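First the structure, in the form of structure tokens, and then the observations on it.
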Amino acid sequence: MPTLRHHGTVAVLDLGHGENRFSPEFLTEMNTHLDTVVTTGAQALVTTATGPVYSHGLDLEWLAANGDQAAGYVAAVHTLLARVLTLPMPTAAAIDGDAFGAGAMLALAHDYRVMRADRGFFCFPEAELRIPFTNGMAALIQAKVPPKTAIAAMTTARRFDGTEAAAFDLVDATAAEVLDAALASVAPLGGKDQPTMTAIKSVMFEGVLTALRGKN
């Protein structure tokens, strides 16, 4: 389960050690920690994970067993993505391993992304899993990457290592110590007025937010 600590004025939200799939409990914990990040006045946020997986995304096993709750579950995932997208502070994902599916979308919802070159893949496996993107998820990806990258990533289920992910603008940089690099990228950017930051991001990504808050 996610845990929260602080590195100076930067909040560090660790997604956990394991596959870090978006179970209902995981989503609840994430939102609780984000509440704390905002209310305690952190000036920036970095998310990371402990181990070889940042996040494998949707909890498909839970979905298979709870199909009658699928609509509410997807809405909760959309809500988390929209929230991270508009957090009132600089955000960075320190990707220390695999970021797959909705886990990769969570990384894209941050302002910046740093990934290891020697471990892990950035991948949208939906085409292989026969799971179409929702309008909100597609809008998020297409708002964050060039059209050429969206085609390469969304229609092929290609696994991009860190170097390839940087070349395709899925991540901003690679680093051996991703947490240190992510902290360095956002720490100098903090201190802006938080309502203004949320307002700016909400205008920048108005179309994405509309799609994420829709019904599909």
Side-chain angles (χ1 to χ4, degrees), residues 13 15 20-22 26-27 30-31 33-35 37-38 44-47 54-59 63 70-95 99-115 122-127 129 131-158 160 165-166 168-172 182 185-186 189 192-216:
L13 180 52
L15 304 185
N20 304 326
R21 290 187 178 272
F22 293 3
F26 179 95
L27 295 172
M30 286 288 289
N31 280 302
H33 288 312
L34 291 176
D35 287 342
V37 170
V38 173
L45 170 71
V46 170
T47 64
Y54 177 78
S55 173
H56 279 170
L58 300 183
D59 190 336
L63 265 176
Y73 173 78
V74 171
V77 173
H78 282 189
T79 296
L80 176 63
L81 296 175
R83 186 173 191 186
V84 173
L85 187 65
T86 56
L87 280 170
M89 63 197 67
T91 60
I95 306 169
F100 274 55
M105 296 171 206
L106 177 64
L108 282 182
H110 293 66
D111 299 325
Y112 309 100
R113 287 155 296 286
V114 182
M115 185 175 177
F122 199 104
C123 175
F124 298 111
E126 281 78 2
L129 297 177
I131 301 176
F133 294 95
T134 65
N135 290 347
M137 292 173 177
L140 171 62
I141 298 167
Q142 291 173 280
K144 288 285 190 158
V145 303
K148 171 180 165 181
T149 298
I151 293 292
M154 296 174 71
T155 67
T156 69
R158 174 177 171 178
F160 298 83
F168 276 81
D169 292 325
L170 289 163
V171 301
D172 298 284
S185 72
V186 295
L189 305 177
K192 306 294 189 299
D193 178 71
Q194 293 200 351
T196 301
M197 287 288 287
T198 291
I200 289 172
K201 291 182 181 183
S202 297
V203 170
M204 288 176 66
F205 300 111
E206 181 179 6
V208 179
L209 295 171
T210 298
L212 285 170
R213 291 164 180 165
K215 294 184 178 179
N216 54 19

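Keep in mind that what you see is a predicted model, and the values were worked out from it rather than measured.
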Closest non-hydrogen atom pair, V208 against A139: CG2-O, 3.6 Å
Quick one: does N20's side chain get under 4.5 Å of Y54's, heavy atoms only? no
Identify the heavy atoms of I151 and T155 that sit nearest to each other, and give their distance. O-OG1, 2.6 Å
What I'd like to find out is whether the side chain of M197 reaches to under 4.5 Å of the side chain of P90, using heavy atoms alone. yes
As an exercise, state the distance from CZ of F160 to CE of M115, rounded to the nearest 0.5 Å. 10.5 Å
Rounded to the nearest 0.5 Å, the CG atom of D169 sits from the NZ atom of K148 at a distance of 9.5 Å
Indicate yes or no: at least one non-hydrogen side-chain atom of I200 is less than 4.5 angstrom from one of K192. no
In Å, rounded to the nearest 0.5 Å, how long is the span from CZ of F22 to CG of L106? 4.5 Å
Are any non-hydrogen side-chain atoms of L13 and V37 less than 4.5 angstrom apart? no
Evaluate the criterion side-chain contact (heavy atoms from CB on, under 4.5 Å) for residue pair L189 and Y112; output intermediate values, then yes/no. CA-CA 12 Å; L189 305 177; Y112 309 100; 3.6 Å; yes
Starting at CD of E126, measure out to CE of M105 and round the result to the nearest 0.5 Å. 4.5 Å
The criterion is side-chain hydrogen bond (donor to acceptor under 3.5 Å, both in side chains); which residues satisfy it with H56, sequence neighbours excluded? D98
Please give me the minimum heavy-atom distance between C123 and A157, naming the atom from each residue. SG-O, 3.5 Å
Could you pull out the closest heavy-atom pair between T198 and P88, with the gap in Å? OG1-CB, 3.1 Å
Would a 4.5 Å heavy-atom cut-off, applied to side chains only, mark L81 and V77 as touching? yes
Please lay out, stage by stage, how F100 and R21 fare under the test side-chain contact (heavy atoms from CB on, under 4.5 Å). CA-CA 10 Å; F100 274 55; R21 290 187 178 272; over 6 Å; no
Set out, in order, the CA-CA distance, both residues' side-chain angles and the distance that settles side-chain contact (heavy atoms from CB on, under 4.5 Å) for L45 and V186, then state yes or no. CA-CA 8 Å; L45 170 71; V186 295; over 6 Å; no
Looking at OH of Y73 and NE2 of H78, how far apart are the two atoms once the value is rounded to the nearest 0.5 Å? 10.5 Å
Kindly determine whether L108 and R113 satisfy side-chain contact (heavy atoms from CB on, under 4.5 Å), including the steps that lead there. CA-CA 7 Å; L108 282 182; R113 287 155 296 286; 3.7 Å; yes
Does anything in residues 79-91 form a side-chain hydrogen bond (donor to acceptor under 3.5 Å, both in side chains)? List the pairs, not counting sequence neighbours. N31-R83, D35-R83, T91-D111
Note, V84 side chain near L34 side chain (heavy atom, < 4.5 Å): yes
Taken to the nearest 0.5 Å, the spacing of M137 CE from L140 CG works out to 9.0 Å
Of all heavy-atom pairs between L85 and K201, which one has the smallest distance, and what is that distance? O-CD, 3.4 Å
A152 and F168: which non-hydrogen atoms are nearest, and at how many Å? CB-CE2, 3.9 Å
